[in-house]
Amino acid sequence: MAESRKERARHWRYDELPGVDLLRARYIRKTFVRHTHENFVIAAIADGAEVFHHGGGDVYAGAGSLALVNPDTPHTGRAGVPEGWRYGAVYPSPEVVTAIAAETTTLRGTPGFVTPVLDDPYTVRLVHQVLRATDEGNALAADTLLRVVVTRLLRLNGGTLPRREVRTAGAGIAARARAVLEERMADPPTLERLAAELGTGPFALLRAFRDTYGMPPHTWLTDARVRRARRLLDAGTAPSEAAVAVGFTDQPHLNRHFGRIVGVPPGAYQRERKNVQDARGGTPVPSGAWQWNGQKRSQTYGTTEEESRTVPSYGTPSVSGSPSDSPGSPSA
């Protein structure tokens, strides 16, 4: 029982699924601050419940449902019940989703999800099967199941995303401010100086930025710094160097924000990138200790005893299948 109460997370990639990030986690006290993703979020809740702020209000995703977030959409995340939530997630890039949509759906334009929560235990199981297939190095199953997941979700809950056009003066100022912050990420100006450079007032800029991007400039900057730090870590840059390069004061500063947005520490994130093929199944590999509310907690990666209770079967699921013909059961 004590083991099942531990918080665990693994964030990784599988070489045979290019353009897709993968996550398996159990969180209890974890809180994700407002942030965005460059990729789609398809999070399959196996146990417990998650609450996340999306589109102006909180939404609830319980066991058997999926939390679905389109790229560049601000959202948060926290436990919806005292025992937290256990889930597996795939993060396909816009290019991956667009290619699948063009081949298997009638959607035109930029595809996306219409609602942020979908109650569909069948697809929840499929998502967990994708993760298990990557653990076992079964590229054919992983690729097949991912395509079925995306196709099914787009048919059940898909639509064409509206184009983001800069139509108002406020949106134009916000876009210019964002460009300045991207260019001067490591040494950004104050809100007052930024507003003066753009020929507007600080509060006018703050309102315009929040209306356009769903968060104030300083929150957006932290999110953008973590995004850039991820790219640097993917390229092999040491966490301490990445922290300074993107404007954080030091590695602990990066660690704090990285964990609140990505869900794992930057060192553990980078190790998974370097050892994709070594992280398949087997005994959990300890990643050392990390800080949680001032206390050190062990974080492990790979397959836990809890995750191994059900042996998956891969078969060939249909896009319009039902729980009775789905492959296996979730093993987040």
Approximate separation, where rounding is to 0.5 Å, of T222 OG1 and L254 CG | 11.0 Å
Side-chain heavy atoms of V69 within contact of P116, under 4.5 Å = no
Value for OG1 (T98) from CG (L154), rounded to nearest 0.5 Å, stands at 9.0 Å
Spacing of OG1 belonging to T200 relative to CZ belonging to R176, to within rounding of 0.5 Å | 9.0 Å
At what distance, to the nearest 0.5 angstrom, does CG of D119 lie from CG of L156?
-> 11.0 Å
Find out whether L181 and P217 are in side-chain contact, i.e. whether some heavy atom of one side chain is under 4.5 Å from a heavy atom of the other.
-> yes
Quick one: OG1 on T237 to CG on L232, what's the gap to the nearest 0.5 Å?
-> 4.5 Å
Heavy-atom donor-acceptor pair, R155 side chain to T105 backbone, under 3.5 Å | no
Going by the angle between their ring planes, with limits at 30° and 60°, are F248 and H257 parallel, tilted or perpendicular?
-> parallel
Below 6.0 angstrom between ring centroids: does that apply to H75 and H35?
-> yes
Any donor and acceptor pair, going by atom type alone, linking the side chain of R228 with main-chain N or O of A245 inside 3.5 Å?
-> no
State whether the number of non-hydrogen atoms from other residues, nucleotides or ligands found under 6.0 Å of R193 atom CZ is greater than 12.
-> no
Is L126 close to Y122 at the side-chain level, that is, under 4.5 Å between some pair of heavy atoms?
-> yes
Taking every heavy atom of A46 against every heavy atom of H128, the minimum-distance pair comes out as CB-NE2, 3.8 Å
Output yes when a side-chain donor or acceptor of T31 lies under 3.5 Å from a complementary backbone atom of R78, and no otherwise.
-> no
Hphob cluster co-occupancy, L198 + F209, side-chain heavy atoms under 4.5 angstrom | yes
If you take all heavy atoms of G62 and I45, which pair is closest and at what distance?
-> O-CB, 3.4 Å
Can you find a heavy atom in the side chain of P92 that is under 4.5 Å from one in the side chain of I42?
-> yes
What are the two closest non-hydrogen atoms of T212 and A174, and how far apart are they?
-> OG1-CB, 3.6 Å
Just do the side chain to side chain contact (heavy atoms under 4.5 Å, CB included) check on Y60 and V81 with the steps written out, would you?
-> CA-CA 10 Å; Y60 176 97; V81 291; 4.3 Å; yes
Ignoring hydrogens and angles, tell me if any N or O in the side chain of D47 forms a donor-acceptor pair with the backbone of R86 under 3.5 Å.
-> no
H11 backbone acceptor or donor facing E272 side chain under 3.5 Å = no
Check A9 against V264 and note the closest heavy-atom contact, atom names and distance.
-> CB-CG1, 3.6 Å
Can you list the residues that meet the side-chain hydrogen bond (donor to acceptor under 3.5 Å, both in side chains) rule with T249, with sequence neighbours excluded?
-> H253
For the side chain of S65 and the backbone of V117, is there at least one donor-acceptor N/O pair under 3.5 Å apart?
-> no
So which pairs with a foot in residues 230-250 pass salt bridge (charged side-chain N to carboxylate O under 4.0 Å, His left out), sequence neighbours left out?
-> R13-D234, D21-R230, E38-R231, D234-R273
Would you name the heavy atoms of G77 and E50 that are closest together and state the gap between them?
-> CA-OE2, 3.6 Å
Exercise: identify the closest heavy-atom pair between H54 and L68 | NE2-O, 4.4 Å
Going hydrophobic residue to hydrophobic residue with side-chain gaps under 4.5 angstrom, can you get from V114 over to L153?
-> no
Hydrophobic cluster identity match, L221 and V180, side-chain contacts under 4.5 Å | yes
T134 side chain vs L131 backbone, donor-acceptor pair below 3.5 Å | yes
Are the side chain of N70 and the backbone N or O of F113 linked by a donor-acceptor pair below 3.5 Å?
-> yes
Between the side chain of Q270 and the main-chain N/O of L233, is any donor-acceptor distance below 3.5 Å?
-> yes
Looking at side-chain heavy atoms only, is the closest gap between Y213 and D72 below 4.5 Å?
-> no
Separation between CG (D223) and OG1 (T36), nearest 0.5 Å, reads 3.5 Å
When the ring centroid of F32 is compared with that of Y27, is the distance short of 6.0 Å?
-> yes
Just jot down the side-chain hydrogen bond (donor to acceptor under 3.5 Å, both in side chains) partners of D211, sequence neighbours excluded, or say none.
-> none
Should R184 and L194 count as side-chain neighbours, where that means a heavy-atom distance under 4.5 Å?
-> no
Side chain E16, main chain L140, donor-acceptor under 3.5 Å = no
Please report the C-alpha distance between R34 and T219 in whole Å, then the side-chain angles of each, then the deciding distance to 0.1 Å, and finally whether the side chain to side chain donor-acceptor pair (under 3.5 Å) criterion is met.
-> CA-CA 8 Å; R34 184 174 293 272; T219 303; over 6 Å; no
